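Only a predicted model underlies this, so the values are computations on that prediction, with no experimental measurement involved. Below, chains carry the letters A, B, ... as their sequence lines are ordered, and counting in each starts from 1.
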2 protein chains.
Amino acid sequence: MKVTMDDVAHKAGVSKTTVSHVINKSRAVSQEAVLRVNQAINELDYKVNTIARNLRSGNSHMIGFIVTNLTNYFYINVGAGLNAVLKPKGYRLFYVNSNEDAEIERQNIQDMVMHSTDGLIIAPTANNCSYMQDIIPDSLPTLFIDRKPVGFIRDTVLPTNSQGVYEAVDYLIKRGHTRIGFIGSRKNDTMNERHNGYLQALADNSLSHFPELDMIGEVPPAPMHDLLEGPLYRAMEQYLAACRPTALMIGNGLAAIGVFNYLKKHAYKIPEEIALVAFDDSFWYSTATPTISAVMQDPFEIGVQAGKILLKRLKKKTARYQDVRIPTKFIRRESC
Amino acid sequence: MKVTMDDVAHKAGVSKTTVSHVINKSRAVSQEAVLRVNQAINELDYKVNTIARNLRSGNSHMIGFIVTNLTNYFYINVGAGLNAVLKPKGYRLFYVNSNEDAEIERQNIQDMVMHSTDGLIIAPTANNCSYMQDIIPDSLPTLFIDRKPVGFIRDTVLPTNSQGVYEAVDYLIKRGHTRIGFIGSRKNDTMNERHNGYLQALADNSLSHFPELDMIGEVPPAPMHDLLEGPLYRAMEQYLAACRPTALMIGNGLAAIGVFNYLKKHAYKIPEEIALVAFDDSFWYSTATPTISAVMQDPFEIGVQAGKILLKRLKKKTARYQDVRIPTKFIRRESC
DNA sequence: CTGTTAGCGCTTTCAT
DNA sequence: ATGAAAGCGCTAACAG
C-alpha cells in the first residue's frame, strides 16, 4: 500500500541514494537517471515521508508561531509575512494560540520543543520571560515580536512604539489640544515606550504633563466581546471626571474597545468633545461612527523582517542578537 | 548533547523497551523500575523525540485545519473548539491559511498529506471539491465545516443555515416588513440553504417573492479592509433603486461589510429606512452605529462536534459519513 | 556519476 | 515483568 523510496529505486533501476538525490537535487545525477526516477515517482504516485526525512536529517522544517491571541488580525498578518519568507525556503509555520494565558503559553512552548520545531517566533503573554530559559534550549533559534522579553534575551522585531505615539500626540497638540489623556490596558515595556513617546511630544511642545491624565493599569485579558463593557469601560466615568481630557491617546487596541464603547454609550461627541487616536489599527475602526484614527503598525512587514532574521539565525546561531524596529504610520480618520 | 532513550535506559539500569513502556504506560512495569526510569528522565532532562516516535508508530498526532481565511474570528473559534476535544487526546491542531485561494488550498492539502497528518478539517474555498479526490487518500480522516463539499463526500459539520435565516426573516415580517431583500456575496450550497430559509419564511407568511430583491453574486474574495468599498458597495445604488427594500437579510459576514458601509456613507437611517440582519456574528457588529443584528453561529460548538466526529473516524474509518448541524441563534440588536 | 551501508530515536513483536 | 532485536523511511558519509 505505502510506496517508499525503495519501490521507486527498484522501478527506476537505480539505488535509493540516487532517488534521494534526484528528489533533493543534492548532487549531480545523469539526465537519464533523473528522467527514469521522475517517471517512476509519477507512475507509483510516490510521496516522500517527511517524518522519516526529518528524523534522519535532524530538523523538522517547522517553525512554531506562538501567539497570545489568534483572534487578533495583527498576528495573523504577521503570520502572513512570516510565511512569505519562510515558505519559499521550505519551512512551515505552525500557528499556536496561548489565549492570553501564561500557563498555556508555557505548555505550548514545551510542546513545540518536543515536536522538534526548528525555530520559534513568540508574541509573549507577559513581560517577564525568564521562565523560558528553562524550557527553550539555547540552540533553538527563537525570536520575539510585539514585546521585548525581560530575563531572556533574543532577537526582537518591534514597531517604533514611541515615535508612533509621538507623531499622533504631536498632531493632537498642533490641533490645539492641551489636555491629552493616555490610556493603556497593560503595563509593560511596550506600553512604556508608547507612553514615553507621549511624554516626549508634550515636552517638545512645552506642555506640562499631568499625572491624572494617565490611566495605565493591569486589565485582565479577555475575548474582544467581553471588553465592550470591561474594566476600562467601568473605569472611564471616574477617569473623565477627574481629569477632563479633550483628547485621548489610547495605547493599545484592546483598550480602545472599552473606551470607545463608553464614550458612545454616554453620548460623547467625538471628536468635538473628545478626540481619539488608538495605537494599532483594527478593522472595526473603519466601520465605527466616527471612524477611528490610528497609529498603524505594519504587521506583514514585521513578519517579513522576523522571518528573515530567523532564517539567518537558522544558518548561524552565533550572531549577535538584533532588535529591529518597523516604522508605524499615523492614519487620521474622523475621530480627531 | 542530545539525550536519548538509550541514555535513560543506561542510567536506570533497564532496557530501552522498559523505558518506552514506562513513558507510554503501555504495559505493566514494576514499581521499582518505574521509579528509577522517571528519576533518570528527570536527572537527564530527557524529552522524547516525537519525530522518531511518529516514524516508528506511523502516525503524527497532528490534525491539519485548513481554513479559507485565518483573519476570520469564526474559524479561530472553531479551532478553539477543535482543540478543546483534540488536545486532551494528544492531537495537535495545525492551522493553515488558504487565503481564499483555491490553488493555495490545494497546495496546503498536499503539504499536510506529505507531512503525514493523521486527519484533516477543511473549510473549503469553493463549492466543488472533487479535485481533492486525487490528493487526499481515502484512508485519511477528513471532515468539512462551513461548506458541504460537492464531488467529495465526507463528514460535515454545518450550521442550521436555513432555519437560522428563517427565524430572522420571520421576525422582520412580523415587524411589518414586506419588501425584504436577500444579499449574499457568493453563490454556493451554503448560500442556497440560507436563501431557502428566506423563501420559506416569505411563503409561510403568505408573502410573494420578488426576484429583484435577490442579489447573490460572485464577489471576489478580499481582505476585510478592501471590502469596505468593494463590489457589493458599488452594486448597492442600482440594487436599492431597483427594488426599494425596507429590510435586508445579508447572507454572510463579508457581504455585510460593503452593504453596511454603503448605507452609512449615504446616510440611510438604520433601521428606520432600512432594517438589517446579517448571518454570522462579528465583533464589529457591536461597535457599529447602530449595532447590527445577527444570526449567530456557534463556532466553538461546531469545533467541538467536528473534533468528536473526527476522533471517531480516527478510530474506525469505515463508519457511515455524518452530516451534523449546529443550531444558530438570532441576536436582535439596534439595526432591526 | 553512482551505490553500499550505517544509522536518526523510537516502538513493538517475540522470546524468555 | 523484562529484554533483544528488527525496522519505520529516509539521508549522508564513504567508497568507488
Side-chain angles (χ1 to χ4, degrees), chain A residues 1-41 44-62 90 111 113-118 137 139, chain B residues 1-41 44-62 90 111 113-118 137 139:
Chain A
M1 178 219 138
K2 272 245 140 110
V3 23
T4 75
M5 252 184 179
D6 268 321
D7 302 323
V8 176
H10 202 243
K11 178 143 206 158
V14 297
S15 72
K16 259 195 323 191
T17 307
T18 298
V19 175
S20 170
H21 285 302
V22 169
I23 290 171
N24 301 307
K25 305 190 199 319
S26 38
R27 84 177 180 195
V29 176
S30 68
Q31 289 275 321
E32 196 197 10
V34 173
L35 222 69
R36 292 167 59 203
V37 167
N38 282 328
Q39 192 173 333
I41 287 177
L44 297 172
D45 193 29
Y46 166 77
K47 307 263 186 277
V48 293
N49 178 326
T50 5
I51 299 202
R53 171 188 289 183
N54 291 343
L55 175 60
R56 180 57 234 237
S57 60
N59 52 9
S60 63
H61 283 268
M62 284 184 185
D111 240 51
V113 172
M114 263 191 39
H115 278 262
S116 318
T117 41
D118 288 350
S139 59
Chain B
M1 177 220 141
K2 271 241 140 110
V3 25
T4 76
M5 252 183 179
D6 269 322
D7 302 323
V8 176
H10 202 243
K11 177 144 208 156
V14 296
S15 71
K16 258 194 326 191
T17 310
T18 298
V19 175
S20 170
H21 285 302
V22 168
I23 289 171
N24 301 307
K25 305 189 200 317
S26 40
R27 86 175 177 195
V29 176
S30 69
Q31 290 274 322
E32 196 198 9
V34 172
L35 221 70
R36 293 168 59 202
V37 167
N38 282 328
Q39 192 174 333
I41 287 177
L44 298 171
D45 193 30
Y46 166 76
K47 306 262 187 278
V48 292
N49 178 327
T50 3
I51 299 202
R53 171 187 288 182
N54 291 343
L55 175 59
R56 181 58 234 241
S57 60
N59 51 9
S60 63
H61 282 270
M62 284 185 184
D111 240 51
V113 172
M114 261 189 41
H115 278 263
S116 316
T117 41
D118 289 350
S139 58

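Between the CG atom of Asn54(A) and the P atom of dC8(D) there is a distance of 18 Å, rounded to whole Å.
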What protein N or O atoms touch nucleotides 14-16 of chain D N or O atoms at under 3.5 angstrom, if any, and at what distances?
none

I'd like a list of close polar pairs between nucleotides 9-12 of chain D and the protein, N/O only, cut-off under 3.5 Å.
{"residue": "dG9(D)", "atom": "N2", "partner": "Ala52(A)", "partner atom": "O", "Å": "3.4"}
{"residue": "dC10(D)", "atom": "OP1", "partner": "Tyr46(A)", "partner atom": "OH", "Å": "2.3"}
{"residue": "dC10(D)", "atom": "OP1", "partner": "Asn49(A)", "partner atom": "N", "Å": "3.1"}
{"residue": "dC10(D)", "atom": "OP2", "partner": "Met5(A)", "partner atom": "N", "Å": "2.6"}
{"residue": "dC10(D)", "atom": "N4", "partner": "Lys16(A)", "partner atom": "NZ", "Å": "2.5"}
{"residue": "dT11(D)", "atom": "OP1", "partner": "Asn24(A)", "partner atom": "ND2", "Å": "3.3"}
{"residue": "dT11(D)", "atom": "OP1", "partner": "Arg53(A)", "partner atom": "NE", "Å": "2.8"}
{"residue": "dT11(D)", "atom": "OP2", "partner": "Ser20(A)", "partner atom": "OG", "Å": "3.0"}
{"residue": "dT11(D)", "atom": "O2", "partner": "Arg56(A)", "partner atom": "NH1", "Å": "2.6"}
{"residue": "dA12(D)", "atom": "N6", "partner": "Thr17(A)", "partner atom": "OG1", "Å": "3.0"}

Tabulate below the donor-acceptor pairs under 3.5 Å that side-chain atoms of residues 3-11 of chain A make, not counting sequence neighbours, or state none.
{"residue": "Thr4(A)", "atom": "OG1", "partner": "Asp6(A)", "partner atom": "N", "Å": "3.1"}
{"residue": "Asp7(A)", "atom": "OD2", "partner": "Thr4(A)", "partner atom": "N", "Å": "2.8"}
{"residue": "Lys11(A)", "atom": "NZ", "partner": "Glu43(A)", "partner atom": "OE1", "Å": "3.4"}

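Residues passing the side-chain contact (heavy atoms from CB on, under 4.5 Å) test with His21(B) are Thr17(B), Ser26(B), Arg27(B), Val29(B), sequence neighbours excluded. For Gln31(A), the side-chain contact (heavy atoms from CB on, under 4.5 Å) criterion is met by no residue, not counting sequence neighbours. Take Asn38(A) and apply the side-chain hydrogen bond (donor to acceptor under 3.5 Å, both in side chains) test, not counting sequence neighbours, and it matches no residue. For the ring-ring contact (aromatic ring centres under 6.0 Å, His included) test, no residue two or more places apart in sequence or in another chain qualifies with His115(B). The side-chain hydrogen bond (donor to acceptor under 3.5 Å, both in side chains) test applied to Ser30(A) returns no partner, not counting sequence neighbours. Considering only residues two or more places apart in sequence or on other chains, Thr117(B) meets the side-chain hydrogen bond (donor to acceptor under 3.5 Å, both in side chains) condition with none of them.
With a heavy-atom cut-off of 4.0 Å to chain B, the contacted part of DNA chain C has its first and last nucleotide at dG9(C) to dC14(C).
Pairs engaging residues 47-56 of chain B under the side-chain hydrogen bond (donor to acceptor under 3.5 Å, both in side chains) rule: Asn24(B)-Arg53(B), Asp45(B)-Lys47(B) [sequence neighbours left out].
Two end axes, each from the C1' atoms of five base pairs, can be drawn for the helix from dC1(C)-dG16(D) to dT16(C)-dA1(D); they diverge by 30°, to 10 degrees.
Atom CZ of residue Arg36(A) and atom CD1 of residue Ile41(A) lie 13.0 Å apart, to the nearest 0.5 angstrom.
The nearest pair of heavy atoms linking Asp118(B) to Ser60(B) is OD1-N, 2.9 Å.
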